[in-house]
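Counting begins at 1 with the first residue of the sequence.
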Amino acid sequence: MPATTIHLVRHGEVFNPNHVLYERLPDFHLSSRGVRMAQATARYIAAHSGLNHAAAIYSSPLDRTRETAGEILKALNSVREERGEQPLEFVTDERVIEAGNEFRGKRIGHGDGALWRPENLRLIRNLHKPSWGESYEHIGQRMSDFVYEKVSEYPGEQVIVVSHESPIYSFRHLMETGSAEHWMWKRHTALASVTSFTFDSETRELLAVAYADPAAGVQ
């Protein structure tokens, strides 16, 4: 049976000197270290015999994911040019966007943070769901809709998708346990990491999950 692998890549580090929760806000770009992280992961992808034959690249529409996808695209297209292949372009998709969060634009864990203010206590009444924003169940469902669509669209191919920590891990937890709900501090999704899901292209059965952290040593 042909297998399709969907590679979910988390974006690199974001420039955020004020330590606010940027969520889906515009104009939050990769830091200089974040660019180097994206480039390290791009080099890893370009050197990987499976990944560098990717049929498509998708990205969340936010700045940090588009910039990460751009670095991956440059590295991949360089390899494709050497093979005499046409360049790829990345496509944005709202279904892989960052999780919605009612603390957007606020400082959480630095100085006079918003987390424990009395007016915000209602938002942290359920850490498992979570009560401060979009539910993990909804995140897992929109990610599933996207991933299964691409499994059917690209049978036997590799697809690269640049997304965010919460969507990537919520989907992984859903695939591995049957539930997208999880404890957020137990996520295993480093910046610029690659979480790969391989499916049977016909039955859409999950065959394997793999994880790589190409940017772990980037300073």
Side-chain angles (χ1 to χ4, degrees), residues 1-12 37-62 64-98 139-176 180 188-215:
M1 296 293 181
T4 301
T5 302
I6 310 295
H7 304 276
L8 299 184
V9 180
R10 187 181 174 192
H11 61 80
M37 295 175 106
Q39 290 170 341
T41 297
R43 289 192 297 270
Y44 166 82
I45 289 172
H48 192 289
S49 59
L51 276 161
N52 67 25
H53 285 87
I57 303 177
Y58 290 87
S59 173
S60 155
L62 299 178
R64 55 195 183 272
T65 42
R66 292 168 60 92
E67 290 163 1
T68 302
E71 295 296 337
I72 294 170
L73 196 65
K74 284 190 288 187
L76 268 186
N77 280 341
S78 177
V79 175
R80 292 177 66 87
E81 183 179 11
E82 292 174 1
R83 296 196 297 242
E85 300 169 355
Q86 292 297 311
L88 292 175
E89 295 183 2
F90 71 80
V91 178
T92 60
D93 195 297
E94 291 280 349
R95 290 172 292 180
V96 301
I97 200 170
E98 176 65 287
I139 297 168
Q141 185 58 59
R142 61 176 167 86
M143 290 294 289
S144 294
D145 290 345
F146 172 86
V147 168
Y148 286 133
E149 177 186 287
K150 300 312 167 190
V151 169
S152 297
E153 188 174 347
Y154 296 98
E157 301 282 2
Q158 312 268 329
V159 178
I160 296 169
V161 185
V162 186
S163 185
H164 308 265
E165 180 183 29
S166 183
I168 293 171
Y169 194 80
S170 296
F171 178 70
R172 178 173 183 172
H173 204 267
L174 177 63
M175 291 293 97
E176 294 183 330
H188 186 51
T189 318
L191 289 165
S193 61
V194 184
T195 308
S196 304
F197 302 84
T198 300
F199 297 87
D200 182 302
S201 302
E202 295 183 5
T203 66
R204 303 199 304 187
E205 176 188 358
L206 179 64
L207 302 176
V209 178
Y211 177 79
D213 187 5

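Just one residue in the list Val91, Leu76, Ile45, Val9 forms a side-chain contact (heavy atoms from CB on, under 4.5 Å) with Ile57, and that residue is Leu76.
In this structure, the side chains of Pro61 and Ile97 come closer than 4.5 Å at one or more pairs of heavy atoms. For the pair Asp145/Gln141, a side-chain contact is recorded, criterion being any heavy-atom separation below 4.5 Å from C-beta on. When side chains are defined from C-beta on, Arg66 counts as touching Thr92, because their heavy atoms get closer than 4.5 Å. In this structure the side chain of Leu88 never reaches within 4.5 angstrom of the side chain of Phe90, judged on heavy atoms. Proximity of Asn52 to Arg83: side-chain heavy atoms (C-beta onward) are separated by under 4.5 Å at one or more points. Side-chain contact check for Pro155 versus Glu202: every heavy-atom pair is 4.5 Å or farther apart. For the pair Lys150/Glu153, a side-chain contact is recorded, criterion being any heavy-atom separation below 4.5 Å from C-beta on.
To the nearest 0.5 angstrom, Ile6 atom CD1 is 11.0 Å from Leu206 atom CG. In this structure, Met143 CE and Leu174 CG are separated by 10.5 Å, a value rounded to the nearest 0.5 Å. The distance from the CD atom of Glu149 to the CZ atom of Arg204 is 10.0 Å, given to the nearest 0.5 Å. Summarising the geometry, atom CZ belonging to Arg172 is positioned 12.0 Å from atom CE belonging to Met175; distances are rounded to the nearest 0.5 Å.
Put simply, the side chain of Arg10 gets close to the backbone of Thr189: a donor and an acceptor are under 3.5 Å apart. With hydrogens and angles disregarded, no donor-acceptor distance shorter than 3.5 Å links the side chain of Thr65 to the backbone of His11. Counting only distance, with no hydrogens or angles, the side chain of Ser59 and the backbone of Ala69 share no donor-acceptor pair below 3.5 Å. Put simply, the side chain of Thr68 gets close to the backbone of Arg64: a donor and an acceptor are under 3.5 Å apart.
Heavy-atom minimum distance, Ile139 versus Ser170: CG2-CB, 3.9 Å. When all heavy atoms are compared, the tightest approach of Ser193 to Tyr211 is CB-OH, 3.5 Å. The shortest non-hydrogen separation linking Pro214 to Ala192 is CD-O, 3.8 Å. Taking every heavy atom of both residues into account, Ala3 and Ser201 meet most closely at C-OG, 3.4 Å.
Defined by atom type and a distance below 3.5 Å, a donor-acceptor pair is missing between the side-chain atoms of Asn77 and Glu81.
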Name the atoms and distances for all side-chain donor-acceptor pairs under 3.5 Å in residues 156-165, with sequence neighbours left out.
residue: Gln158; atom: OE1; partner: His7; partner atom: NE2; Å: 2.5
residue: Ser163; atom: OG; partner: Val96; partner atom: O; Å: 2.7
residue: His164; atom: NE2; partner: Ser60; partner atom: OG; Å: 2.8
residue: His164; atom: NE2; partner: Glu98; partner atom: N; Å: 3.4

May I have the step-by-step check of side chain to side chain contact (heavy atoms under 4.5 Å, CB included) for Thr195 and Tyr169, ending in yes or no?
CA-CA 9 Å; Thr195 308; Tyr169 194 80; over 6 Å; no
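Phe171 and Phe197 have perpendicular rings, their planes meeting at more than 60° on a 0 to 90° scale where under 30° would count as parallel.
Taking the side chain to side chain contact (heavy atoms under 4.5 Å, CB included) definition, one finds that Asp93 meets it with Arg95, Phe146, sequence neighbours left out.
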